Amino acid sequence: MNELLDALVLRFARLEAELNQLDAATGDGDHGTTMLKGLRAAANASDDPGAAFRGAAGGASGTLFSFVIDALAKVMDNSSTLDEALKVAAQKIQQLGAAKLGDKTMLDALLPATKAGGNPKDVAAAAHTGMATTRDLAAKRGRAKYVEGAGVGHIDVGAMSVTQILAIYAKQEAKA
């Protein structure tokens, strides 16, 4: 898990400004910074990367993304399969956020990934396809629903982060 978290820190350090800019169009403009802060804490955690992410990132996104980190930790310690762990994460996110597919949230990337069969490369591709659909969606949850046009024309930043996390995971698994 440490190698994955280190790779995620490197990727999100490169993406921080882009994610912040994307978030500024539909939110408060700090998503990249928040993700990087959470990932750095997770990478430095001795035993519970999800809790470390949640504590450092804070807010709703800290909790929601910690479910994804927890899911990957379970896969990497062989206590769950990728598709099952992501399904559990998606269910928790749906329950907590009262969101569903098509609401222009991180679930638009995560839910398709849960149906991709468990192969990391296919999971990452499904997340990417789901993320791309968010450009044309009107936000029904989160801050984006309050901006003019409800974010239509912009990729959902949470969906982008889910896609990046799963793409880095797939790369790590391909190396193994």
Side-chain angles (χ1 to χ4, degrees), residues 1-23 27-94 96-97 105-114 116-128 130-131 155-176:
M1 185 71 182
N2 290 340
E3 190 175 321
L4 171 62
L5 290 168
D6 290 343
L8 288 170
V9 168
L10 289 174
R11 179 68 179 139
F12 277 80
R14 290 191 298 271
L15 284 173
E16 181 181 11
E18 181 181 348
L19 292 171
N20 284 344
Q21 183 177 14
L22 182 58
D23 188 38
D28 57 3
D30 69 347
H31 182 81
T33 301
T34 299
M35 289 297 295
L36 186 55
K37 186 188 305 183
L39 288 167
R40 283 182 173 144
N44 291 319
S46 59
D47 65 345
D48 190 346
F53 183 97
R54 186 170 39 258
S61 65
T63 299
L64 299 175
F65 277 94
S66 75
F67 297 143
V68 177
I69 300 299
D70 287 339
L72 293 177
K74 287 179 180 162
V75 173
M76 297 191 84
D77 75 7
N78 295 315
S79 64
S80 184
T81 62
L82 180 58
D83 54 344
E84 285 302 316
L86 292 178
K87 284 177 188 172
V88 169
Q91 288 168 347
K92 289 178 179 179
I93 292 165
Q94 285 177 302
L96 187 62
T105 70
M106 66 191 293
L107 289 169
D108 291 303
L110 187 57
L111 285 171
T114 68
N119 175 293
K121 185 177 176 183
D122 295 339
V123 165
H128 186 272
M131 175 200 68
I155 295 287
D156 179 73
V157 71
M160 180 181 245
S161 289
V162 166
T163 299
Q164 292 295 320
I165 290 168
L166 295 176
I168 295 297
Y169 172 75
K171 278 186 181 179
Q172 293 292 313
E173 286 300 297
K175 288 181 190 177

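Every value quoted in this text rests on a predicted model; they were computed, and no experiment measured them.
When all heavy atoms of A73 and P49 are compared, the pair lying nearest together is CB-CG, 4.4 Å. Across all non-hydrogen atoms, the minimal contact from A159 to A109 is O-CB, 3.5 Å. Shown here for F53 and G62, the closest heavy-atom pair between the two residues is CD2-O, 3.5 Å. Minimum heavy-atom separation, P120 to A170: O-CB, 3.5 Å. Scanning both residues, A113 and A127, for their nearest heavy atoms gives CB-CB, 4.2 Å.
With a 4.5 Å cut-off on side-chain heavy atoms, V88 and F67 do not count as touching. Between N20 and D23, the closest side-chain pair of non-hydrogen atoms is not below 4.5 Å. Under the 4.5 Å side-chain criterion, counting only non-hydrogen atoms from C-beta, T114 is not in contact with D83. L4 has its side chain out of reach of I165: every pair of non-hydrogen atoms, C-beta onward, lies at least 4.5 Å apart. Proximity of M35 to R40: side-chain heavy atoms (C-beta onward) are nowhere separated by under 4.5 Å. Side-chain contact between L107 and Q94 is present, with heavy atoms from C-beta onward closer than 4.5 Å. Under the 4.5 Å side-chain criterion, counting only non-hydrogen atoms from C-beta, S161 is not in contact with M106.
Screening R11, H128, R14 for a side chain to side chain donor-acceptor pair (under 3.5 Å) involving Q164 leaves a single residue, R11. Paired with I155 under the rule side-chain contact (heavy atoms from CB on, under 4.5 Å), one option of D108, T163, L22 passes, and it is L22. With respect to M1, the side-chain contact (heavy atoms from CB on, under 4.5 Å) criterion is satisfied by exactly one of D77, I69, D6, V75: I69.
A distance of 8.5 Å separates CD1 of I93 from CG of L111, quoted to the nearest 0.5 Å. Atom CG of L19 is separated from atom OG1 of T33 by 9.0 Å, given to the nearest 0.5 angstrom. Separation of atoms OG1 (T81) and CG (L86) is listed at 8.5 Å; rounding is to 0.5 Å. Taken to the nearest 0.5 Å, the CZ atom of F12 stands 11.5 Å off from the CG atom of L5.
The 12-atom threshold is exceeded at NZ of K87, counting heavy atoms of other residues, nucleotides or ligands nearer than 6.0 Å.
A donor-acceptor pair is defined here as one N or O able to donate and one able to accept, closer than 3.5 Å; such a pair exists between the side chain of N119 and the backbone of D122.
The salt bridge (charged side-chain N to carboxylate O under 4.0 Å, His left out) test applied to K37 returns no partner, not counting sequence neighbours. Applying the salt bridge (charged side-chain N to carboxylate O under 4.0 Å, His left out) criterion to E18, with sequence neighbours excluded, gives no partner residue.
Side-chain polar atoms of T105 and D156 form no donor-acceptor pair below 3.5 angstrom.
Note: H31 and F65 meet the aromatic proximity criterion, with ring centroids under 6.0 Å apart.
For residues 47-75, the pairs satisfying side chain to side chain donor-acceptor pair (under 3.5 Å) are R54-S66, with sequence neighbours left out.
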